[in-house]
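Encoded as structure tokens, the structure appears first; notes follow it.
In what follows, every heavy atom counts, from backbone to side chain, and hydrogens, waters and symmetry copies are set aside. Position 1 is the first residue of the sequence, and the numbers go up from there.
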Amino acid sequence: MTTTARLADIAAQAGVSEATASRVLNGKAGVAPATRQKVLAALDLLGYERPVRLRRRSAGQIGLITPELNNPIFPAFAQVIEQNLTGYGYTAVLCTQHPGGSTEDELVEALVERGVRGIVFLSGLHADVTADPERYARLLGQGVPYVLVNGFNPAIAGPYISPDERASARIAVQHLAELGHQRIGLAVGPGRFVPVRRKVEGFVEALGELLGFGEEQAGEYVRHTLFSVEGGHAAAGTLLDKGCTGIVCGSDLMALGAVRAVRERGLTVPGDVSVVGYDDSPLIAFTDPPLTTVRQPVEAMGAAAVNTLLEEIGGTPVQRSEFVFQTELVVRGSTGKAPGGSRRPH
């Protein structure tokens, strides 16, 4: 491909003139930062190598510790956080936990040894009420600022970025109740995690307010399991045994397991049983049926996490409290009207 043809491709992809693309590629001044970023993104998308003169010196490294990447919501968060860090000139160092692999403490130790400027914790031990909170105090003592995403713990001083878990459960239950469902179950992860506890609280409150359930009765429709397809499958099985026609799940992967459990019984989704997920992970709109789910505002939360951490790194004191983001229900094909004859349990 000729240089002229390549320039035309890059300009078209970026939505700028060839002259503007040329200025960026040649390192010339007089181009707005946002426009420059568009041209660089076009260069990357089209698979062209960046000229040496366009490579920027990193402002420093930021650690990002995530759970396993099998659940697509975690790569989605990681990508948003990495993109935001890159925009400020920082380099993200992604550390992934998985069963049998490095622990969070081991990953933190490695990052500190590398001299990272700060760390973003995504659904880490801060969300586990049984974990020792002192590890985070020690980190601050080492002069390493951090931000905690998903999971508030009053015993840990730090800025938190969280979705509204209680409201998330409520809007899912309300959606199913409005469709006529009277027996609604909740499939969530282990009860030691703060986001799980908040979902359960929101679920129990919603069953009480919308369907007249007592707290103890509503608790009978909660199933704790693993955050996985297999976990959702197992929990859904027991909820179906209780006659549930609507199932709210703590993640999209769990919801896919619930759909499988429904179909194994010769039932249909949503004809016999409606299923609601949580996260709105990438590609979840293309499942069969497309999944109704509660969307986490990943873009806004990721940007807030980066901005908060960089303020700390820059010496601006950040409020050590929880920044709560609103979720939204995305209605697709996995929920529908309750089957006829569904009656409220007594």
query = Is the charged tip of R6 near the ring of Y48: under 6.0 Å from the six-membered ring centre and within 45° of its axis?
reply = yes
Are [X] and [Y] side-chain neighbours, meaning at least one heavy-atom pair lies under 4.5 Å?
X: L239; Y: D241; result: no
X: Q61; Y: R114; result: yes
X: P145; Y: L309; result: yes
X: L240; Y: R265; result: yes
X: R135; Y: D132; result: yes
X: C249; Y: V188; result: no
X: S334; Y: P270; result: no
X: I73; Y: Q296; result: yes

For a quick test of reading the model, state the closest non-hydrogen atom pair linking [X] to [Y] and the distance between them.
X: A305; Y: V149; answer: CB-CG2, 4.0 Å
X: L43; Y: E49; answer: CD2-O, 4.3 Å
X: G277; Y: T293; answer: C-OG1, 3.0 Å
X: Y88; Y: A59; answer: O-CB, 4.3 Å
X: V273; Y: C244; answer: CG2-O, 4.2 Å
X: A78; Y: L94; answer: CB-CD1, 4.3 Å

message = I'd like to know if R198 pairs up with E322 as an ion pair, taking the criterion as any Lys NZ or Arg NE/NH1/NH2 lying under 4.0 Å from an Asp or Glu carboxylate oxygen.
response = yes
message = One thing to verify: whether D272 and R263 come together as a salt bridge, which I'm taking to mean a side-chain N less than 4.0 angstrom from a carboxylate O.
response = no
For residues [X] and [Y], is any side-chain donor paired with an opposing acceptor at under 3.5 Å?
X: T86; Y: E82; value: yes
X: T130; Y: D128; value: yes
X: S251; Y: D279; value: no
X: T327; Y: R295; value: no
X: T292; Y: H175; value: no

Would you give the length of the straight line joining atom [atom1] of [X] to atom [atom2] of [Y], rounded to the nearest 0.5 angstrom?
X: N150; Y: S123; atom1: CG; atom2: OG; answer: 4.0 Å
X: R117; Y: Y90; atom1: CZ; atom2: OH; answer: 4.5 Å
X: L46; Y: I10; atom1: CG; atom2: CD1; answer: 6.5 Å
X: F323; Y: N307; atom1: CZ; atom2: CG; answer: 10.5 Å
X: I81; Y: L122; atom1: CD1; atom2: CG; answer: 6.0 Å
X: H224; Y: R197; atom1: NE2; atom2: CZ; answer: 9.0 Å

Please say yes or no: joined through hydrophobic side-chain contacts below 4.5 Å, possibly via intermediate residues, are [X] and [Y] part of one cluster?
X: I184; Y: V331; answer: yes
X: F74; Y: I161; answer: yes
X: V262; Y: L176; answer: no
X: I171; Y: V204; answer: yes
X: V330; Y: L179; answer: no

Heavy-atom count around [X] [atom1] within 6.0 Å, excluding the residue itself: above 12?
X: E215; atom1: CD; value: no
X: K242; atom1: NZ; value: yes
X: Q79; atom1: CD; value: no

Donor-acceptor under 3.5 Å ([X] side chain, [Y] main chain):
X: R170; Y: F203; result: no
X: S281; Y: I284; result: no
X: H233; Y: A258; result: no
X: D252; Y: Y278; result: yes
X: T20; Y: V16; result: no
X: T245; Y: H181; result: no
X: R332; Y: L291; result: yes

ask   = For N70 and E68, what are the C-alpha separation, side-chain angles and deciding distance, and is it a side-chain contact (heavy atoms from CB on, under 4.5 Å)?
value = CA-CA 6 Å; N70 291 337; E68 41 75 30; 3.0 Å; yes
ask   = Between I247 and V276, is a side-chain contact (heavy atoms from CB on, under 4.5 Å) present by the stated rule, with each step listed?
value = CA-CA 6 Å; I247 300 176; V276 181; over 6 Å; no
inquiry  = Run the side chain to side chain donor-acceptor pair (under 3.5 Å) test against Q13 and tell me which residues pass, sequence neighbours left out.
reply    = none
message = Determine whether S168 and D164 satisfy the following criterion, side chain to side chain donor-acceptor pair (under 3.5 Å), listing intermediate values before the conclusion.
response = CA-CA 6 Å; S168 298; D164 192 333; 5.8 Å; no
query = Hydrophobic cluster mates of Y160, side-chain heavy atoms under 4.5 angstrom, ILVMFWY only, any path?
reply = I65, V93, L107, V108, L111, V112, V116, I119, F121, L125, Y136, L139, L140, V144, Y146, L148, F152, I156
query = Who else is in the cluster with F286 when I, L, V, M, F, W and Y are joined by side-chain contacts under 4.5 Å?
reply = L283
key: Evaluation steps, side-chain contact (heavy atoms from CB on, under 4.5 Å), between E178 and Q174   = CA-CA 6 Å; E178 287 173 351; Q174 183 172 355; 3.3 Å; yes
request  = Evaluate side-chain contact (heavy atoms from CB on, under 4.5 Å) for V194 paired with E165, printing each intermediate quantity in order.
outcome  = CA-CA 9 Å; V194 173; E165 306 280 1; over 6 Å; no
